[in-house]
Amino acid sequence: MSGPFDQPALAVLVEGSRTYRDRAAAAGIRLGVLGNGQRPKVMLIACSDARLVPSLITTSRPGEVLELRTHGGVIPRFEPEPHTGEALTIEYAVSTLQVTDIVVLGHSHCEVVDVDVADRIADGPEPTTWSTGDFTAAGHAHVLRQLDILSDYACIAPRLADETLRLHGWYHELESGSTLSYRPHVSTFLPL
């Protein structure tokens, strides 16, 4: 009879979990201090796509970044009640943890963006062919839309006004490994 961890998909995760303490020690990560609470200065909101690994991209270590992963990196519009899990996490990061920066990280080949583009093509007056650049532009626009939604949150607007919080839009290209950052002064995404 096979055990619960004998499945190939879990084997890598189980082995990683078993060796975590040794790998953390080798990387100079002091696990004991992690029990003293978290004090990240950055919140990163990203798509839950398994191909996108924010901590690997940013080389962040435990305790440095509070991550919120959602389907498509979609941030719900602010509603006073009832709060969604995403809204509660954002409010916790901004009001309790007092993060100074929030990064919205989009990526190429995002299924949410691609489906939206495909729907627009299907609903259009005539069939059209979209290029890779069109999908990239749609991905960039998606990141900017999430930043707009964030800026309307009751806990965020005052911190933006007093400049104690900054919002950043990033876009990761899965196939090249490049990450771009939105630069408002030139209204475009440029390499970090």
Legend entry - Q98 vs R39 side-chain heavy atoms within contact, under 4.5 Å: no
Legend entry - Which residues share a side-chain contact (heavy atoms from CB on, under 4.5 Å) with R30, sequence neighbours left out: V33
Legend entry - Common cluster, Y153/V104, ILVMFWY with side-chain heavy-atom separation under 4.5 Å: yes
Inset, instruction - Grab the two heavy atoms, one from S151 and one from A157, that are nearest each other, plus how far apart they are. - result: O-CB, 3.8 Å
Legend entry - Closest non-hydrogen atom pair, H107 against L52: CD2-CD2, 3.7 Å
Inset, instruction - Rounded to the nearest 0.5 Å, what's the gap from OH on Y182 to CG on L190? Could you check? - result: 10.0 Å
Legend entry - Path from L44 to L160 over hydrophobic side-chain contacts below 4.5 Å: no
Legend entry - Qualifying salt bridge (charged side-chain N to carboxylate O under 4.0 Å, His left out) pairs with a residue from residues 40-59, counting only residues at least two apart or across chains: D49-R51
Inset, instruction - Enter the distance from T89:OG1 to I75:CD1 here, rounded to the nearest 0.5 Å. - result: 11.5 Å
Inset, instruction - Report whether L147 and F189 are members of the same hydrophobic cluster (ILVMFWY, side-chain heavy atoms less than 4.5 Å apart, transitive linking). - result: yes
Inset, instruction - May I ask you to test the I102-H168 pair for a side-chain heavy-atom distance under 4.5 Å? - result: no
Legend entry - side chain to side chain donor-acceptor pair (under 3.5 Å) contacts in which one or both residues fall within residues 65-78, not counting sequence neighbours: none
Inset, instruction - May I ask you to check whether over 12 heavy atoms, not counting those of R21, lie within 6.0 Å of atom CZ? - result: no
Legend entry - Closest non-hydrogen atom pair between C110 and G72, with its separation: SG-CA, 4.0 Å
Inset, instruction - Supply the atom-to-atom distance I156 CD1 to F78 CZ, rounded to the nearest 0.5 angstrom. - result: 10.0 Å
Legend entry - In one Ile/Leu/Val/Met/Phe/Trp/Tyr side-chain cluster, 4.5 Å: I45, Y171: yes
Legend entry - Contact summary for V143 and G169, nearest pair of heavy atoms: CG1-CA, 3.6 Å
Legend entry - Over 12 non-hydrogen atoms of neighbours within 6.0 angstrom of CD in Q38: yes
Legend entry - Spacing of OG1 belonging to T188 relative to CG belonging to L180, to within rounding of 0.5 Å: 8.5 Å
Inset, instruction - Would you check if P40 and V65 make a side-chain contact, meaning some heavy-atom pair closer than 4.5 Å? - result: no
Legend entry - Any P54 side-chain heavy atom under 4.5 Å of L105 side chain: yes
Inset, instruction - Locate the shortest heavy-atom distance separating G177 from H172; write the atom from each residue and the value. - result: O-CE1, 3.4 Å
Inset, instruction - Among residues two or more places apart or on two chains, list those pairs meeting salt bridge (charged side-chain N to carboxylate O under 4.0 Å, His left out) that have a residue in residues 78-97. - result: none
Inset, instruction - Would you please name every residue forming a side-chain contact (heavy atoms from CB on, under 4.5 Å) with R61, sequence neighbours left out? - result: A27, I29, E64
Inset, instruction - Supply the atom-to-atom distance H142 NE2 to C47 SG, rounded to the nearest 0.5 angstrom. - result: 7.5 Å
Inset, instruction - Treating Ile, Leu, Val, Met, Phe, Trp and Tyr as nodes and any side-chain heavy-atom pair under 4.5 angstrom as an edge, say whether L144 and I90 lie in one connected cluster. - result: yes
Legend entry - Between E173 and T179, a side-chain donor and acceptor under 3.5 Å: no
Legend entry - Shortest non-hydrogen separation from F135 to D114 and the atoms involved: CD2-OD1, 3.3 Å
Inset, instruction - Would you confirm whether S181, through its side chain, and W170, through its main-chain N or O, come within 3.5 Å as a donor-acceptor pair? - result: no
Inset, instruction - Drop me the distance from L66's CG to Y92's OH, to the nearest 0.5 angstrom. - result: 7.5 Å
Legend entry - R18 side-chain N/O to L13 backbone N/O, donor-acceptor pair under 3.5 Å: no
Legend entry - Set of residues satisfying salt bridge (charged side-chain N to carboxylate O under 4.0 Å, His left out) with respect to D101, sequence neighbours excluded: R166
Legend entry - Close side-chain approach of V186 to R183, heavy-atom, < 4.5 Å: yes
